[in-house]
Amino acid sequence: MSWLPLSFGAPMVLWGLLALPVIWWLLRLTPPKPQTEVFPPLKILARVLKREETPHQSPWWLTLLRLLMAALVIAALAEPVFNPREKLPAEGSALALVIDNDWASAADWGKRVATAQRLIADASSNGVPVVIAFTAEKPNAEIGPFDAATALDRLRAAKPRPIPTDRPAIYARVAAALERLPGASVAVLADGLAAQGDESAFNTLLSKNAARLVWATSDRLSLTGLTVADNQVDGFALTAIRAPGDPAPAQVTAGAFDDKGRRIADATLTFSPGESTATGTMAVPFELRNDFASIALDGEHQAGAVRVLDESSKRRRVGLLSQAEADQAQPLLSPLYYIRRALQPFADLVEPSSVDLADAIPQLLDQKPAMIVMADVGTIPEQVKQRLVDWVDKGGTLVRFAGSRLAAAGNDDDLLPVRLRTGERSMGGALSWTTPQPVTEFPKAGPFADLAPPAEVTVTRQVLAEPTPDIVERTWATLADGTPLVTGLKKGKGTLVLFHVTPEATWSNLPISGSFVEMLRRIVQLSRNQGAAIANAEAAATSLAPYRMIAADGELVPPTPDARPLVPGAGPLPVTFENPPGLYGSETGVFAHNLLEADSTFALLDRPQVSLPVTPVQYAFDESRNLKGALVAAALVLMVLDTLAVFWMGGLLSRRPRRAAATAAAVLIALGALLGHADLARADDAKPGDAQAIEDIAKTRIAYVLTGEPGVDSISRAGLEGLTRFLIEKTALEPGAPAGVDIAKDELSFYPLIYWPIDPAAPMPSQAAIARVDAYMQQGGTVLFDTRDQFANGIGADSTSQATERLRDILGDLNVPPLEPVPSDHVLTKSFFILPEFPGRFAGSPLWVEASLDASNTENRPVRVGDGVSPILITANDFAGAWAVDENGDPLLPTVPADPMQRIYALRAGVNIMMYMLTGNYKSDQVHVPVLLERLGQ
């Protein structure tokens, strides 16, 4: 029974409304109890003329109130529902819920869960078991059947995964579970994307034991993915894809982020009408592109819209150098021709404007290249040699190619990885006993280990390396006769590499082979630390540990417990449950494992054509509202009103009205008299400064001493404002604005703590002012003296600091108790945060406090004696400088050293000091330990 937008779960109960006339008749015959009056003779005489002493029926308004209350109770028992939803088909022998929880479902996961909850609720009302399976979970995850409560718990525990679906495997398991439950309803909550094997998967799921299909989809597929992020010469080339068939044009914005999550570049990609692919270029300088760690599409909260980048996406600047004159007529004979062709796709190439090595080498070094390639360069001039050696030691990669000049130049231990024999070796000529040598297997310890040896490459001439004990360790590629073809050596933080043949196809056909390009690419990767780590990892074919994962919503998160190491291979690696997308490796080098490939496309998932009854539903939140609770509450309110009305009609609420009125009048008169007296007293007794005093004690406020130096006072105020903000954010204390006090005139007792920055340029306080400070300290106040000079030698040590000398002069006129650095067990170290030290803008100076009575007994010394608080604190770490913030909450002064955590520790030190001021040694009171432990146990 339903009247939109209202329906009833038990509509037969509404027949009870027919009883309202009977209830009305009964209520009219049962009036409330008559009012009882005390026997006042005069009042009886005044009412003798009344026709009726007691009512014979209820008043109409009370009857109406009770009828409305009865109607509300009847309507509540009928279980009314506002905006009722359509009941979903969840009947039969069981309900099989098959839910896509892959990356494409992350954007509207909440709607999918709400839809599944409605299906489970309907299955619960029908009393059928539930089989629930997710297509992006472990293949061996349990799928049921479960009761409705257990299925609901599993649904709430599920979450979207940043991986594709595996419908064939999961659907086969659900079909196997339904073999024992023929005639079940199957609900498919799909992500809307087609995948390989869908047709056979649906045939397996729906061909045997399914009696009905519930097909849940989104109203439209609005996914956008990022498939290409290629670092080219003029910028990052980006390619985005969307679902086909969308006739409307669209624009998406891509943002580039560094390894700290800061956005450093943007690009716009435009989809033409009806097009499913959009391209764009993120044109930014070369140096900025190398800082890219990830690129993501704005507004797309799913893993397909994010691409992480590794060292292969970073372009290096490579310098090219040759002593040969360029021949424009014969470019193929140029020593740098094949090198340029091999490096240009993944490096930015720079060349000097001069052929003179004395000028050319500094020109290249000034451009800060990651690698320099020298094609048959002989002797390097002495005036630039040391600069080149220093560049290699600091991390540069120097790649040299042999030739007649290098063979005649002799050995250079600083810029060659091995010592060379004089002259050249010729193979295969008329006067040679040997034949051209092929390339053999690459050594396992080198960066070319996973490359196949090029069978077509042969070498006819080469420069030979002197046989030394470590020649095998330095060999990266060898010929069939065991002579080195490529040698390399780590020198300092850099690398020296030598190809023992020329870079043109005169001594060998290696430069015109595909292996030459891959070998140079590997060496370019070695020019950076991350590249070295990944190159070595790929060479050894070892596994890379998970480092940073892409979550289903597109955020970079730490690895999950389910993630397993990744073994890089030659081809594209699949994204699986154990190898989700993200970065694999370590801080020294990472490998990017992305969700979408360059040729990925989105295809819409079509509903399977089956002979079963099909019920299509849309993903949506349940907007129905059960009105039973609201109607019961309204009936209870009417019951309370009815009770009050009966009390009023019975005279309980109007007993002795004259006395109540007189009492109320007396109270009003007395209140008016008090207010008037207060006004007169305020007019007669008010003194100057009373308003300010009331404002000072209305809230806890931290004070600072006005030194007369504007710079010092402004930093003090900004510092205490920063500490006040931190106290409000981290604790239950909400202090008022900091107060600057003149110790010679202002009242000091209003403030629990006074911060006094010692500045030798400020005038020395008068004896009377120091006496007022001494009285403030004796009456329970605390002064925090800060010399701000990082006085680390102790209070009693001789020091040349002017601030320390000024502090000694001030303390000479005060009753200062014995002091000691804050002990490790002092209550200041644990009053709120656990702190081993108390840094400020500087670190290193101790915080001095009043010494304990038994300070000599270090093994059994109390933290504090009594409930008192140290009246004096002394530091040199410049607390206010560390706390100081501007109007936007940004720090004003840097910490020394520049450590962001030092500022956090300084603010925590300020919190501990304030808690210590307000609570004393409460945290060190051992009497409360059993009670606290008991509460923690609860």
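Only a predicted model underlies this, so the values are computations on that prediction, with no experimental measurement involved.
To the nearest 0.5 Å, the span separating CG on L398 from OG1 on T495 amounts to 10.0 Å. For the atom pair CD1 (I380) and CD (Q386), the distance works out to 11.5 Å, reported to the nearest 0.5 Å. With values rounded to the nearest 0.5 angstrom, L583 atom CG is found 7.0 Å from I550 atom CD1. To the nearest 0.5 angstrom, T458 atom OG1 is 9.5 Å from L479 atom CG. The CG atom of L406 sits 9.0 Å away from atom CG of D412, with the distance rounded to the nearest 0.5 Å. Interatomic distance, T502 OG1 to R405 CZ, rounded to the nearest 0.5 Å: 12.0 Å.
Side-chain atoms of T227 come within 3.5 Å of backbone atoms of T239 as a donor-acceptor pair (strictly under, hydrogens ignored). Put simply, the side chain of T478 never gets that close to the backbone of G482: no donor and acceptor are under 3.5 Å apart. Between the N594 side chain and the V308 main chain, a donor and an acceptor come within less than 3.5 Å of each other.
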Legend entry - Test side chain to side chain contact (heavy atoms under 4.5 Å, CB included) applied to L343 and V373, step by step: CA-CA 10 Å; L343 293 178; V373 180; 4.2 Å; yes
Legend entry - Steps toward side chain to side chain contact (heavy atoms under 4.5 Å, CB included) verdict (V252, T268): CA-CA 6 Å; V252 292; T268 300; over 6 Å; no
Inset, instruction - Evaluate the salt bridge (Lys or Arg N to Asp or Glu O under 4.0 Å) criterion for residues E555 and R548: first the C-alpha distance (whole Å), next the side-chain angles of each, then the deciding distance (0.1 Å), finally the verdict. - result: CA-CA 10 Å; E555 297 292 332; R548 290 287 184 273; over 6 Å; no
Legend entry - Full working for side chain to side chain contact (heavy atoms under 4.5 Å, CB included) between L226 and I295: CA-CA 9 Å; L226 190 62; I295 298 178; 3.7 Å; yes
Inset, instruction - Kindly determine whether K493 and D393 satisfy salt bridge (Lys or Arg N to Asp or Glu O under 4.0 Å), including the steps that lead there. - result: CA-CA 5 Å; K493 297 181 179 180; D393 290 337; over 6 Å; no
Legend entry - Steps toward side chain to side chain contact (heavy atoms under 4.5 Å, CB included) verdict (M519, F442): CA-CA 11 Å; M519 292 168 73; F442 292 109; 4.3 Å; yes
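At least one side-chain heavy atom of V389 sits under 4.5 Å from a side-chain heavy atom of L415. Using a 4.5 Å heavy-atom threshold, the side chains of V524 and M371 count as touching. Within the 4.5 Å cutoff, the side chain of R903 has heavy atoms near those of the P891 side chain. Counting heavy atoms from C-beta on, the side chains of L485 and V439 come closer than 4.5 Å. Using a 4.5 Å heavy-atom threshold, the side chains of E466 and L420 count as separate. The shortest side-chain heavy-atom distance between V418 and I471 falls under the 4.5 Å cut-off. Annotation: side chain of L238 is not in contact with side chain of T281 (no heavy-atom distance under 4.5 Å). Side-chain contact check for V497 versus V486: some heavy-atom pair is nearer than 4.5 Å.
Considering every non-hydrogen atom in both A402 and L498, the closest pair reads N-CD1, 4.4 Å. Looking at every heavy atom in both residues, A882 comes nearest to A906 through CB-CB, 3.7 Å. Residues T506 and T460 share a closest heavy-atom pair of O-OG1, 3.9 Å. What you find for D266 and G255 is that their closest heavy atoms are OD1-CA, 4.1 Å. Shown here for P511 and A505, the closest heavy-atom pair between the two residues is CG-N, 4.4 Å. Counting all heavy atoms, side chain and backbone alike, A296 lies closest to F257 at CB-CE1, 4.1 Å.
At most 12 non-hydrogen atoms from other residues, nucleotides or ligands lie less than 6.0 angstrom from OH of Y905.
Between F591 and Y584, the ring center distance fails the sub-6.0 Å criterion. Checked against the 6.0 Å centroid threshold, F292 and F236 count as a close aromatic pair.
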Could you pull out all donor-acceptor pairs under 3.5 Å where a side-chain atom in residues 354-366 meets a protein atom, sequence neighbours excluded?
from: S354; atom 1: OG; to: D356; atom 2: N; distance (Å): 3.1
from: D356; atom 1: OD1; to: A358; atom 2: N; distance (Å): 3.3
from: Q363; atom 1: OE1; to: S353; atom 2: N; distance (Å): 2.9
from: Q363; atom 1: OE1; to: S353; atom 2: OG; distance (Å): 3.1
from: Q363; atom 1: NE2; to: S353; atom 2: OG; distance (Å): 3.4
from: D366; atom 1: OD1; to: R387; atom 2: NH2; distance (Å): 2.4

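Every residue meeting the salt bridge (charged side-chain N to carboxylate O under 4.0 Å, His left out) condition with R419, not counting sequence neighbours, appears here in chain and number order: D413. With sequence neighbours excluded, the residues that form a salt bridge (charged side-chain N to carboxylate O under 4.0 Å, His left out) with R474 are D470. Shown here are the salt bridge (charged side-chain N to carboxylate O under 4.0 Å, His left out) partners of D258, two or more places apart in sequence or in another chain: R262. The ring pair (Phe, Tyr, Trp, His ring centres under 6.0 Å) search around F838 returns none, not counting sequence neighbours. Residues meeting the side-chain hydrogen bond (donor to acceptor under 3.5 Å, both in side chains) test with H593, sequence neighbours left out: none. In terms of the salt bridge (charged side-chain N to carboxylate O under 4.0 Å, His left out) criterion, residue partners of R841 (sequence neighbours excluded) are, by chain and number, D878. Evaluation of the side-chain hydrogen bond (donor to acceptor under 3.5 Å, both in side chains) rule for D414 yields no partner, not counting sequence neighbours. Under the side-chain hydrogen bond (donor to acceptor under 3.5 Å, both in side chains) criterion, T487 pairs with H500, not counting sequence neighbours. Partners of F842 under the ring pair (Phe, Tyr, Trp, His ring centres under 6.0 Å) rule, at least two apart in sequence or in another chain, do not exist in this structure. Under the side-chain hydrogen bond (donor to acceptor under 3.5 Å, both in side chains) criterion, D886 pairs with no residue, sequence neighbours left out.
Each of L336, L321, L320, V399 was scored for a side-chain contact (heavy atoms from CB on, under 4.5 Å) with M374, with one residue passing: L321.
Using a 4.0 Å cut-off between charged side-chain N and carboxylate O, D298 and R263 make a salt bridge. Under a 4.0 Å N-O distance rule, the pair R317/D348 does not qualify as a salt bridge.
Side-chain contact, T483 with Q462: a donor N or O sits under 3.5 Å from an acceptor N or O.
The aromatic rings of F401 and F499 sit parallel to each other, their planes meeting at less than 30°, with 60° as the upper class boundary.
Within the structure, side-chain hydrogen bond (donor to acceptor under 3.5 Å, both in side chains) pairs that include any residue of residues 507-518 comprise E518-R521, E518-R522 (at least two apart or interchain).
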